[in-house]
Amino acid sequence: MGDRAVVIITFDGYQDVWNTFFECYNKFWAERNMPTYLVTNEATPEFDGVQVITTGAEISWSRRARTALSQIKEEKLLILLEDYFFCEQINNNDIDKVFFEFDKEHLDYLRLIPIPYEYKHKEKGIYPLDERFMYGVNLQASIWRKEYFKKILYDDDFSAWEFEARQKNDSKLKINGKCATLNYVGLNYLNGVIQGKWYPQTIARLKKSGIIIDTSKR
């Protein structure tokens with residue numbers, strides 16, 4: 001278990017989202033069995049059980065991610081964004097099984113959110129990303145082999161949106177790896193922010209769990 005970690009990639013402009021993220025994170029995954037890293041620019045917030053990695057003044061999303069990876073020793077990373085809000089209890093056994101399959105299949109990338117309508121009627125499990133899909137490797141919650149993630153982040157400056165666009169199957173900039181997806185939801189979470197604004201359905205859903213989002217700043 002010492003070779004895996006959770007990495008939350010954010011930037012200082014989203015500081016107003018962090019408290020809600022970690023309220024959900026600690027409520028629904030209190031008994032985590034791996035370290036957690038929070039990637040920021042210059043802010044050094046304090047959250048229980050979280051190690052903050054600062055990457056300096058913002059230049060680009062890709063440079064921030066590359067700088068962070070150079071400071072992380074673990075090789076298998078569950079990558080999250082700061083507005084992925086957990087909404088149900090997470091069972092460590094379920095997470096352990098997914099990491100076990102990731103290793104067994106020698107994967108570079110495993111998407112934990114199914115691609116809509118694909119593999120839907122097949123047996124529950126892991127399936128290779130098909131070249132017919134427009135999107136596959138992206139920034140939905142996924143397990144990454146660090147070396148593959150670094151390879152995709154090669155020495156260039158680009159945004160998270162461009163990162164995903166470069167990995168579309170029709171892109172000449174795509175860098176291939178051994179990539180797969182679950183055909184079931186491996187990690188249930190709500191998207192909190194859409195186009196810079198709080199998503200109303202997420203506000204309402206979390207309120208039912210006793211989590212109140214402060215919407216005063218966006």
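Heads up: numbering here begins at 1 and tracks the sequence.
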A.B. asks: Taking the six-membered ring where the residue is Trp, are the ring centres of F86 and Y25 under 6.0 Å apart?
C.D. replies: yes
A.B. asks: Between R166 and Y154, do the side chains contain an N or O donor and an N or O acceptor separated by less than 3.5 Å?
C.D. replies: yes
A.B. asks: Using a distance-only test with no angle check, is there a side-chain donor-acceptor pair under 3.5 angstrom linking Y127 and T181?
C.D. replies: no
A.B. asks: Is there a donor-acceptor pair closer than 3.5 Å between any side-chain N or O of N41 and the backbone N or O of D12?
C.D. replies: yes
A.B. asks: Between Q71 and Y37, is any side-chain donor less than 3.5 angstrom from a side-chain acceptor?
C.D. replies: no
A.B. asks: Same cluster or not: I95 versus Y184, using hydrophobic residues (I, L, V, M, F, W, Y) connected whenever any side-chain heavy atoms lie under 4.5 Å apart?
C.D. replies: yes
A.B. asks: Between N92 and E31, is there a donor-acceptor pair closer than 3.5 Å when you use the side chain of the first and the backbone of the second?
C.D. replies: yes
A.B. asks: Within a strict 4.5 Å, meaning less than it, do heavy atoms of the T54 and T44 side chains meet?
C.D. replies: yes
A.B. asks: What closest approach, in Å, do A43 and V52 show between heavy atoms, and which atom pair accounts for it?
C.D. replies: O-CG1, 3.7 Å
A.B. asks: Could you state the interatomic distance from NZ (K207) to CD1 (I212), rounded to the nearest 0.5 Å?
C.D. replies: 5.5 Å
A.B. asks: Side-chain contact test, heavy atoms from C-beta onward, threshold under 4.5 Å: evaluate it for L206 versus T20 and give yes or no.
C.D. replies: yes
A.B. asks: For a side chain to side chain contact (heavy atoms under 4.5 Å, CB included) check, start with the C-alpha distance between Y14 and V193, then their side-chain angles and the critical distance, and finish with the verdict.
C.D. replies: CA-CA 10 Å; Y14 264 59; V193 179; 3.6 Å; yes
A.B. asks: Do the two ring centres, one from F47 and one from F22, sit under 6.0 Å apart?
C.D. replies: yes
A.B. asks: Would you call R66 and F149 a side-chain contact if the rule is heavy atoms closer than 4.5 Å?
C.D. replies: no
A.B. asks: Flag the pair D3 and K76 as a salt bridge only when some basic side-chain nitrogen lies within less than 4.0 angstrom of an acidic carboxylate oxygen.
C.D. replies: yes
A.B. asks: Any chance you could measure D130, atom CG, to C179, atom SG, to the nearest 0.5 Å?
C.D. replies: 12.5 Å
A.B. asks: Taking T202 for the side chain and N191 for the main chain, is one N or O donor matched with an acceptor at less than 3.5 Å?
C.D. replies: yes
A.B. asks: Rounded to the nearest 0.5 Å, what separation is found between the NE2 atom of H106 and the NZ atom of K178?
C.D. replies: 6.5 Å
A.B. asks: Around D48, counting heavy atoms of other residues, nucleotides and ligands shown, do more than 12 lie under 6.0 Å from its CG?
C.D. replies: no
A.B. asks: Do the side chains of I143 and L77 get nearer than 4.5 Å, heavy atoms only?
C.D. replies: no
A.B. asks: Charged N to carboxylate O below 4.0 Å: is that the case for K146 and D108?
C.D. replies: no
A.B. asks: Which atoms form the tightest heavy-atom contact between F85 and C24, and what is the distance?
C.D. replies: CB-SG, 3.8 Å
A.B. asks: For residues I152 and W144, determine if any side-chain heavy atom of one lies less than 4.5 Å from a side-chain heavy atom of the other.
C.D. replies: yes
A.B. asks: Decide yes or no for D83 and W198: does some side-chain heavy atom of the first lie under 4.5 Å from some side-chain heavy atom of the second?
C.D. replies: no
A.B. asks: For side chain to side chain contact (heavy atoms under 4.5 Å, CB included), just list the numbers for I8 and T36, CA-CA rounded to whole Å, side-chain angles, deciding distance to a tenth of an Å, and then say yes or no.
C.D. replies: CA-CA 8 Å; I8 302 115; T36 299; 3.4 Å; yes
A.B. asks: I'd like to know if W18 and I194 are part of one continuous hydrophobic network [Ile/Leu/Val/Met/Phe/Trp/Tyr, side-chain heavy atoms within less than 4.5 Å].
C.D. replies: no
A.B. asks: Under 4.5 Å between side-chain heavy atoms, counting indirect links through other Ile/Leu/Val/Met/Phe/Trp/Tyr residues: same cluster for Y199 and Y84 or not?
C.D. replies: no
A.B. asks: Taking E101 for its side chain and V98 for its backbone only, find out whether a donor-acceptor pair lies under 3.5 Å.
C.D. replies: no
A.B. asks: Using a 3.5 Å distance criterion without hydrogens, assess whether the side chain of R145 forms a donor-acceptor pair with backbone atoms of L107.
C.D. replies: yes
A.B. asks: Measure across I113 and L187 and return the closest heavy-atom pair with its distance rounded to 0.1 Å.
C.D. replies: CD1-O, 3.4 Å
A.B. asks: Measuring from L78:CG to L110:CG, what's the distance to the nearest 0.5 Å?
C.D. replies: 10.0 Å
A.B. asks: Give the C-alpha distance, both sets of side-chain angles, the deciding distance and a yes or no for side chain to side chain contact (heavy atoms under 4.5 Å, CB included) between T10 and F21.
C.D. replies: CA-CA 11 Å; T10 185; F21 177 92; over 6 Å; no
A.B. asks: Is a side-chain donor or acceptor of T55 paired with a backbone partner of V39 at a separation under 3.5 angstrom?
C.D. replies: no
A.B. asks: State whether a side-chain donor-acceptor pair under 3.5 Å links W61 with D157.
C.D. replies: no
A.B. asks: Looking at every heavy atom in both S60 and R63, which two are closest together, and how far apart are they?
C.D. replies: OG-N, 3.1 Å
A.B. asks: Are I9 and I59 connected in a single hydrophobic cluster, I mean Ile/Leu/Val/Met/Phe/Trp/Tyr linked by side-chain heavy atoms less than 4.5 Å apart?
C.D. replies: no
A.B. asks: Is there a donor-acceptor pair under 3.5 Å between the side chain of S62 and the backbone N or O of D156?
C.D. replies: yes
A.B. asks: Any side-chain heavy-atom pair from N26 and R32 closer than 4.5 angstrom?
C.D. replies: yes
A.B. asks: If you take all heavy atoms of G125 and N183, which pair is closest and at what distance?
C.D. replies: N-OD1, 2.9 Å
A.B. asks: Kindly compute the distance separating CD1 (I90) from CD (E88), expressed to the nearest 0.5 Å.
C.D. replies: 7.5 Å
A.B. asks: Is there side-chain contact between L80 and V7, with at least one heavy-atom pair below 4.5 Å?
C.D. replies: no
A.B. asks: Does the side chain of N33 pick up a donor-acceptor pair with the side chain of D96 at under 3.5 Å?
C.D. replies: yes
A.B. asks: Has Q140 got a side-chain atom pairing as donor or acceptor with L112's backbone, closer than 3.5 angstrom?
C.D. replies: no
A.B. asks: Side chain to side chain contact (heavy atoms under 4.5 Å, CB included) for T40 and I53? Distances and angles first, verdict last.
C.D. replies: CA-CA 6 Å; T40 71; I53 295 176; over 6 Å; no
A.B. asks: Between F28 and V185, is there a shared hydrophobic cluster once you connect ILVMFWY residues whose side-chain heavy atoms come closer than 4.5 Å?
C.D. replies: yes
A.B. asks: Under 3.5 Å, side chain of S171 to main-chain N/O of Q167, donor-acceptor pair present?
C.D. replies: no
A.B. asks: If we ignore hydrogens and angles and just use 3.5 Å, is the side chain of R64 paired with the main-chain N or O of A57 as donor and acceptor?
C.D. replies: no
A.B. asks: Any idea which heavy atoms bring P35 and E74 closest together, and the distance?
C.D. replies: CG-OE2, 3.5 Å
A.B. asks: To the nearest 0.5 Å, what is the distance between CD1 (I213) and CG (N19)?
C.D. replies: 11.5 Å
